[in-house]
Structures are given as structure tokens and as C-alpha cells.
Amino acid sequence: MTSVTVTLPDGSQKQTASGTRIGDFVRDSIGPGLAKAAVLAKIDGTSVDLSRTLDTDTRLEIVTTKAPEALETIRHDAAHIVADAVQRLFPGTQVTIGPSIENGFYYDFDRGQPFSEDELAQIEAEANRIIAADLPFKRTEVSPAEAIALFDGKGEKFKVEIIQDIVAKGATVLTLYSHGEWVDFCEGPHGPSTGRVGVIKILSSSAAYWRGDHRNKTLQRIYGTAFFDQKGLDAWLKQREEAEKRDHRRLGKELDLFHFHPYSPGAAFWTPKGTAIYTILSAYMRKLALGNGYVEIKTPLLYNKGLWETSGHWGKYKENMFLVEDSAAKAAGDPDPHHYSLKPMNCPSHHLYYGFRKQSYRDLPLRLHTQDVLHRNEAAGALGGLTRVRQFAQDDAHIYCREDQIADEVKRFTTLLDKVYNAVGLTYVAKFATRPEKRIGDDAMWDRAEASLKTALDGLGLAYELKPGDGAFYGPKIDFDVSDSIGRKWQLGTIQLDYAAPERFDLSYIGEDGKEHRPVVLHRAIYGSFERFIAILIEHFAGAFPVWLAPIQVAVVTVTDRVNDHARTVVDRLAAAGVRVSFDDGNGMMKAKVRDASLQKIPYTIVLGDKEVASDEVSVRTFGAADQQKMATMPFAAFVEKVVAEARFP
RNA sequence: GCUGGCGUAGCUCAACCGGUAGAGCACCUGACUUGUAAUCAGGAGGUCGCGGGUUCGAGUCCCACCGCCAGCUCCA
């Protein structure tokens with residue numbers, strides 16, 4: 001019997017017989033504790049099952065339940081288990097695919113009817129019975145012919161289709177994974193047995209399309225999640241509840257920030273409080289833009305289709321635009337009188353603006369900032385809260401510059417973006433998206449474009465991820481994904497390089513050489529859209545905005561009606577200092593009013609009674625202070641100074 | 001747009017098998033004049049999303065439409 005050398009991550013080496021299963025090796029040569037916690041192994045960096053054998057000298061790493069990829073693996077295991085459960089309970093249901101996803105997994109089934117709540121509960125119970133049975137996962141290698149025969153025999157048409165596709169791509173050895181009687185075509189890896197998947201929770205079901213294409217057959221998707229133990233599941237469910245409490249749609253109602261009406265789906269009505277947040281963010285961005293070399297312009301909302309033909313939107317984006325009829329053309333019998341459209345983006349307007357005068361190299365970079373209202377006719381099913389709307393405004397800007405100015409402009413932009421995200425406590429990562437398959441422009445252009453963005457990025461000392469093929473069809477881009485206070489990710493800021501638009505709009509500038517040159521355009525945004533950014537901030541702050549953003553900064557409460565007149569002068573003095581203040585002089589007890597202010601998450605509540613009137617002091621209650629009851633009495637003037645300081649733009 | 005679920009007072013929700021709509025909060029009025037998270041009493045408020053249909057009778061059953069929600073698709 002030959003012996004192989006196994007090198008562990010700490011550098012230590014162990015000998016074992018060739019052909020030893022990894023799981024056995026871990027238990028016998030390292031320790032039963034580790035064997036129990038092991039889910040997967042990595043051989044020379046590649047994840048494999050613990051059932052694989054050690055056949056040559058190997059660098060071995062054990063992945064335990066603590067590693068994030070172990071959770072991913074058992075969720076993939078869970079997908080198999082759920083599919084098994086479904087086929088046990090509902091024979092005749094065909095399986096398709098079932099990957100693990102961010103917080104769990106899904107599995108798509110072909111079945112005539114959707115799963116009911118009742119059926120989902122049955123499936124969850126059955127899945128957990130399969131876990132309790134602790135069936136080992138077995139990996140088998142088969143030839144394409146064997147695999148096709150197996151699934152064809154079971155009538156699994158989708159599996160056969162998947163296998164044929166993979167074989168067509170050149171695969172010759174396929175792998176099957178089974179537990180108990182149930183078998184799936186799958187690349188793996190999987191955990192050692194169903195028992196290692198501690199607990200499965202079915203979350204929801206919905207429709208999905210075969211291969212994500214809406215022309216294909218509708219499948220029934222079951223979403224679920226899995227954890228090593230109930231404790232992990234409970235913690236996750238609790239966090240989910242917390243996220244629900246922060247849902248901006250819920251807080252929008254509770255804090256009275258905005259409304260929607262069926263007569264204008266996807267377009268918000270902003271209350272005075274919501275409007276305050278909106279205009280503060282608008283003013284903040286305007287101040288930053290104007291202080292950083294941008295100019296602000298306003299342009300029309302409605303345009304003749306000629307503009308959209310020039311920009312290319314009429315061909316590529318028409319479905320998303322709100323078209324407007326020309327009544328004169330209609331009366332004259334024009335078969336398609338939709339000669340106008342509301343703008344879905346600002347760029348074409350900016351390009352027209354650029355062309356209003358002869359531009360010189362001395363004018364570049366020209367940075368045009370606009371916060372105009374945009375309309376996009378989003379699919380009805382895509383709408384949701386403020387994050388997906390039909391009417392919105394972007395903190396938009398287009399930078400017209402020479403190629404050699406791109407790196408500097410990217411740097412200026414990221415500096416600004418960093419300031420804004422820091423101001424609200426959002427952390428972020430940059431993602432560099434390069435040429436997609438469907439694109440315009442030749443390779444030389446893309447080479448230059450990508451190189452200049454890369455140079456800019458590298459010069460920033462900012463860590464970034466690559467997203468090959470994810471660029472816009474007209475140019476590469478850098479996207480900025482932020483994480484909010486409960487760890488959720490949002491794609492927010494972006495800067496995109498565009499060589500195509502200057503061509504289409506025939507934009508030029510006169511260079512130092514006196515000749516015409518083509519500028520490049522950078523599209524960029526930091527908030528993305530005000531609507532979505534506000535939604536994210538509401539959830540990020542759980543509705544408790546910092547003083548500078550809070551729609552109401554100070555609530556005034558009186559101990560007795562006797563001091564209401566004094567309270568009104570306090571309100572006036574605060575308002576005169578620019579403080580956003582509310583005073584409830586209605587019936588009711590002070591305690592109730594303090595409670596109301598607290599529920600409204602107003603940063604400061606000041607209480608006024610006879611004592612305060614006499615001394616011109618205020619008793620200040622700070623929202624969210626470690627001890628929320630914490631109060632401090634301070635001279636009124638000092639309080640005003642404090643609030644005014646905190647209300648300044650960061 | 002597709003699949004499924006849902007739509008009752010401003011908000012959150014109730015109404016057995018089809019028998020003619022109710023609560024809490026909010027609102028209004030009055031009393032109370034209070035020291036840091038809910039004072040008491042009274043009042044008003046609904047064409048049960050909209051339109052058809054079945055039925056002696058529809059919030060409840062059926063159809064169509066609108067909207068919302070979860071996904072799919074798409075994206076700021």
C-alpha cells in the first residue's frame with residue numbers, strides 16, 4: 001500500500017494510506033472534534049466532498065461549519081433535500097435547478113399548480129424528516145449516456161436538457177449526487193450527510209421562468225433557508241424582523257413622510273416632512289456640486305422624438321418612455337401622433353445644451369449638474385415603494401472632457417462620493433465593470449476607455465472588484481455598492497465613460513491646435529435617485545435621522561397650558577434660527593406628548609414648565625441616547641447653538 | 001408584462017358555513033393643568049378598491065378591471 005503526504009494549512013504534514021477518504025483521515029489523523037465540524041475540504045484550493053479520497057500528495061484544508069462557504073454548501077444540500085421532499089409528497093413533479101443564494105436557496109419545479117401554504121408546511125416537515133434520517137450524500141461519476149438514460153427514464157425532461165447542454169459544451173464525465181433514493185445531476189460539492197444540514201425553513205414560493213426567460217415555461221419556485229442549528233435560524237429570523245421594522249414603506253407611514261395613490265402608481269406624494277428630507281438632500285448635493293466645479297442647469301421635461309432618435313433611446317428604450325400625443329398631428333390623421341416623450345434621462349438634454357455654443361478646450365471639463373424630474377415607464381410588477389418608481393429625480397451630472405482628463409475627473413468624483421457616503425455613515429465598495437458582449441464601438445475604443453478608468457481607479461488607492469462584461473453598452477463604468485447599518489447592500493453611485501454619445505450628438509471642442517476634437521462624456525451620480533436614496537436612508541437610520549436631515553429637529557412640550565405662550569416664543573426663536581421645530585399645544589398630558597415625539601424619532605424634545613420659563617432654560621431629552629430618559633437642563637441660547645451646529649451640512 | 005397572494009374607517013386589524021360592518025389608535029368637543037413613553041368622558045368617521053354577475057339576500061361566491069405585496073423580468 002502506498003502512502004501519501006498531506007500538508008495542512010499550518011504547514012504540518014501527515015502520512016496516510018493512499019485511497020483514504022478525507023473524512024476518515026480527518027477523524028483518525030486530526031481529531032473527532034474537527035471531523036464533526038467538517039462540512040467540506042479543499043484540495044489545493046478547490047472545494048471537494050469529504051468522501052473524496054486522498055490519492056496523491058495533497059495540500060488539504062478542512063472547511064468547518066464556521067466558514068461562510070459551509071453555510072452555502074448546506075443550503076445547496078437543503079435544496080436537494082427539499083426537491084426530494086417535494087417529489088416524495090407530489091409524485092410527477094419535475095425538478096429543474098436549485099442553487100444556494102445569498103440568504104438561503106431555491107428550487108424550481110415544473111408542476112401544474114402553485115404550492116399552497118399548506119403544502120409548503122408539509123414540504124418543510126418532510127425536509128426536516130430527511131435531515132433527521134441523516135442520509136449520506138453520495139457522489140458518482142457517470143458518462144453522459146448513463147446520465148441521460150437515468151433522467152430520461154425518470155421523465156425528468158429539464159434535467160435531460162441541462163445535461164445535453166453541458167455535454168454539448170464538452171463535458172465527458174458527469175457527476176450525480178444522491179442521498180437515500182433521491183438522485184440529482186449536480187456538480188457539487190455537498191456536505192457529508194443530510195444530518196449536517198441542521199434545520200430547513202421554507203420561506204415562500206413564487207413563479208419563475210425556465211432559464212429566467214419569460215418566453216419559457218412558468219415554473220414554481222420554492223425559497224428556503226438552512227442553518228446548522230435552530231439558534232442560527234432564530235437569529236436570522238429575528239434580524240429579518242428588524243429589517244421589516246425598518247422597511248421604508250412602513251416607516252414612511254408611521255413617520256408621515258410620503259404617500260402613493262393608485263391614480264399615479266410609482267410616483268410619490270411627499271408630505272411636508274418627506275419634502276424636508278428631499279430638499280435638504282437636494283440642497284446638500286447642490287452645494288457640493290457648485291463647490292466642486294459643477295454648474296447647475298435646468299432643461300425641458302418634454303421632447304420631440306427627434307432627440308430620442310439621435311440619442312438612440314427611440315430604438316432601444318422606447319418601451320420605458322412615456323409617450324405624449326401631439327393633438328394637432330392626431331387631428332390631421334397622423335397614424336402615430338406620439339411625437340413627444342417625457343425624458344427618462346438627462347443626458348440627451350445635456351448633450352443638446354453642450355451644443356448651444358462653440359466649446360473650447362478652455363471650457364473643459366464642463367460639468368453639468370441637474371436634478372430634474374424624470375419619468376420611466378417601469379413594468380407594473382417592478383414597482384415597489386420608493387426604491388422602484390416611475391417618477392424620480394437623479395443627482396445627475398455629465399462631465400465633458402478630454403481623454404487625458406478622465407483619470408482626474410474620476411478622482412474628483414470619488415472624493416465627492418466618499419464625502420457624501422461618509423456623511424450618512426454608509427460604507428461602500430467599488431466595482432469596475434468592463435465591456436459587455438453587446439456593445440457599440442470598436443475594441444480600440446474599449447481598450448482606451450477601460451485603461452483610463454483603470455488608471456484612475458488604481459491611482460485612488462481604493463480597493464475594487466472586477467465585474468467583467470458588466471459595463472454599459474456604450475462604455476465601461478465604476479459602480480459603488482454601499483452597505484447600510486444592518487448589512488444590506490445597495491448599488492448606488494456610478495460613473496460611466498461614454499464615447500458613443502459625443503459621436504451621436506456630434507459634440508466637439510476647439511483644441512489648442514485650433515482644430516475640432518471630440519470630447520468624452522462621463523455620466524455620474526452619487527445618490528442615484530433621490531427617491532431610492534431616501535428609502536435607503538430611512539431604513540439605514542431606522543427613521544431616526546441625524547439632526548441635519550431630520551424633518552423635525554426639536555419637539556416642544558409644555559408641562560402646563562400656563563407656559564404655552566412662552567413655548568410659542570421659544571418655537572419662534574428656534575424657527576428664526578433655522579431650526580425645524582414642532583409644538584403640540586393640544587389637549588393631553590405631557591407624558592403622552594413626550595411619547596409622541598419619541599415615536600416620531602425627533603432628535604430633541606424640550607420640556608418647558610414654570611421653572612424653565614423663569615430661567616429661560618430648556619430641559620432637553622435626546623432621542624436615542626444610551627439612556628433615553630437622559631435629560632439635561634441648559635440655557636435656551638446654548639441649546640439653540642448646539643442644534644444649529646448639528647444641523648449644518650456635514 | 002408574467003405567476004401567486006392580498007385590498008374592510010386616516011392607521012393597525014376583526015366580522016362563524018352568504019343574513020345587511022366593529023375595535024384600538026388617530027381626529028373633533030369638553031373636563032383635567034399635569035415634570036419626561038399613552039388622563040378621563042363624549043362625538044364624528046365606512047357605497048367593505050372599482051364595475052358587472054350568481055342569490056330572496058354578497059364584505060363573504062364568480063368574472064373583468066385598478067392598486068398593493070412576494071418573486072420572475074428590468075433597473076436609479
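Proteins get letters first, then strands, A, B, ... in listed order; numbering begins at 1 in each.
- With no hydrogens or angles considered, a side-chain donor-acceptor pair links Thr558(A) and Asn564(A) at under 3.5 Å.
- Base-pair partner of G67(B): C6(B) (Watson-Crick or G-U wobble, both distances under 3.5 Å).
- When Watson-Crick and G-U wobble pairs are counted only if both distances are under 3.5 Å, C75(B) pairs with no nucleotide at all.
- For A38(B), there is no paired nucleotide, since no Watson-Crick or G-U wobble pair has both relevant distances below 3.5 Å.
- Glu612(A) comes within 4.0 angstrom of a nucleotide base, judged by non-hydrogen atoms across all strands.
- Note on Glu378(A) versus Arg390(A): no salt bridge recorded, every NZ/NE/NH1/NH2 to OD/OE distance being 4.0 Å or above.
- Contact annotation for Lys611(A): base contact, defined as any heavy-atom pair under 4.0 Å involving a base atom.
- Across all strands shown, Phe115(A) has no heavy atoms under 4.0 Å from either base or sugar-phosphate atoms.
- A sub-4.0 Å separation between OP1 or OP2 of C11(B) and a side-chain N or O of Lys253(A) is absent.
- The base of G71(B) does not come close enough to the side chain of Gln220(A) for any donor and acceptor atom to sit less than 3.5 Å apart.
- Side-chain contact annotation: Gln371(A) with Tyr527(A), donor-acceptor N/O pair under 3.5 Å absent.
- Searching all strands for a Watson-Crick or G-U wobble partner of C32(B) with both distances below 3.5 Å returns nothing.
- C48(B) sits 16 Å from G19(B) when the C1' atoms are compared, rounded to a whole Å.
- In this structure, Asn320(A) reaches neither bases nor backbone, as no heavy-atom distance under 4.0 Å exists between it and the strands shown.
- Close to C50(B), at under 4.0 Å from its OP1 or OP2, lies no side-chain N or O of Tyr263(A).
- Ranking A38(B), G67(B), A76(B) by closeness to the Arg595(A) side chain, first place goes to A38(B).
- For the P atom pair drawn from G46(B) and C65(B), the interatomic distance equals 30 Å after rounding to whole Å.
- With a 6.0 Å cutoff to the six-membered ring centre and a 45° limit on the axis angle, Arg75(A) does not count as a cation-pi contact of Phe105(A).
- Aromatic stacking is not marked for Tyr527(A) over A76(B), as the cut-offs of 5.5 Å for the centres and 30° for the planes do not both hold.
- Searching all strands for a Watson-Crick or G-U wobble partner of C61(B) with both distances below 3.5 Å returns G53(B).
- If you check C72(B), A31(B), A37(B) against the side chain of Leu599(A), the one that comes closest is A37(B).
- Side-chain polar atoms of Lys343(A) and Thr299(A) form a donor-acceptor pair below 3.5 angstrom.
- Checked against A70(B), C72(B), G35(B), the side chain of Tyr209(A) finds its nearest nucleotide in C72(B).
- Between Arg250(A) and the phosphate of C11(B), there is no side-chain N or O to OP1/OP2 separation shorter than 4.0 Å.
- You'll find that the side chain of Lys591(A) is closest to U36(B), out of C72(B), U36(B), C66(B).
- The nucleotide whose nearest atom lies closest to any side-chain atom of Ala592(A) is, among G35(B), A70(B), U39(B), U39(B).
- No hydrogens or angles were tested; on distance alone, a donor-acceptor pair under 3.5 Å links the side chain of Arg621(A) to the base of U36(B).
- Nearest-nucleotide positions on RNA chain B place Asp610(A) closer to the 5' end than the other of Asp610(A) and Pro265(A).
- The Arg249(A) side chain lies nearest to C69(B) when the options are U39(B), U34(B), C69(B).
- Shown for residues 371-390 of chain A: residues whose heavy atoms fall under 4.0 angstrom of RNA chain B, namely Arg376(A), Glu378(A), Ala379(A), Ala380(A), Gly381(A), Ala382(A), Leu383(A), Gly384(A), Gly385(A), Arg388(A), Val389(A).
- Taking a cutoff of 4.0 Å between a charged side-chain nitrogen and a carboxylate oxygen, Lys593(A) and Asp596(A) do not qualify as a salt bridge.
- Using atom P as the reference point in both A9(B) and A23(B), the two lie 14 Å apart (nearest Å).
- Residues Asn346(A) and His398(A) come closest through the heavy atom pair C-CE1, 4.0 Å.
- Of all nucleotides listed (C32(B), A37(B), G35(B)), G35(B) comes nearest to the side chain of Met590(A).
- The residues Asp110(A) and Lys157(A) are annotated as not salt-bridged, no charged nitrogen and carboxylate oxygen being separated by less than 4.0 angstrom.
- Going from the P atom of G59(B) to that of C2(B) covers 30 Å, rounded to whole Å.
- Ion pairing between a basic and an acidic side chain is recognised when a charged N comes within 4.0 Å of a carboxylate O; Arg246(A) and Glu242(A) show such pairing.
- Pairing partner, G46(B): none, since no Watson-Crick or wobble contact has both distances short of 3.5 Å.
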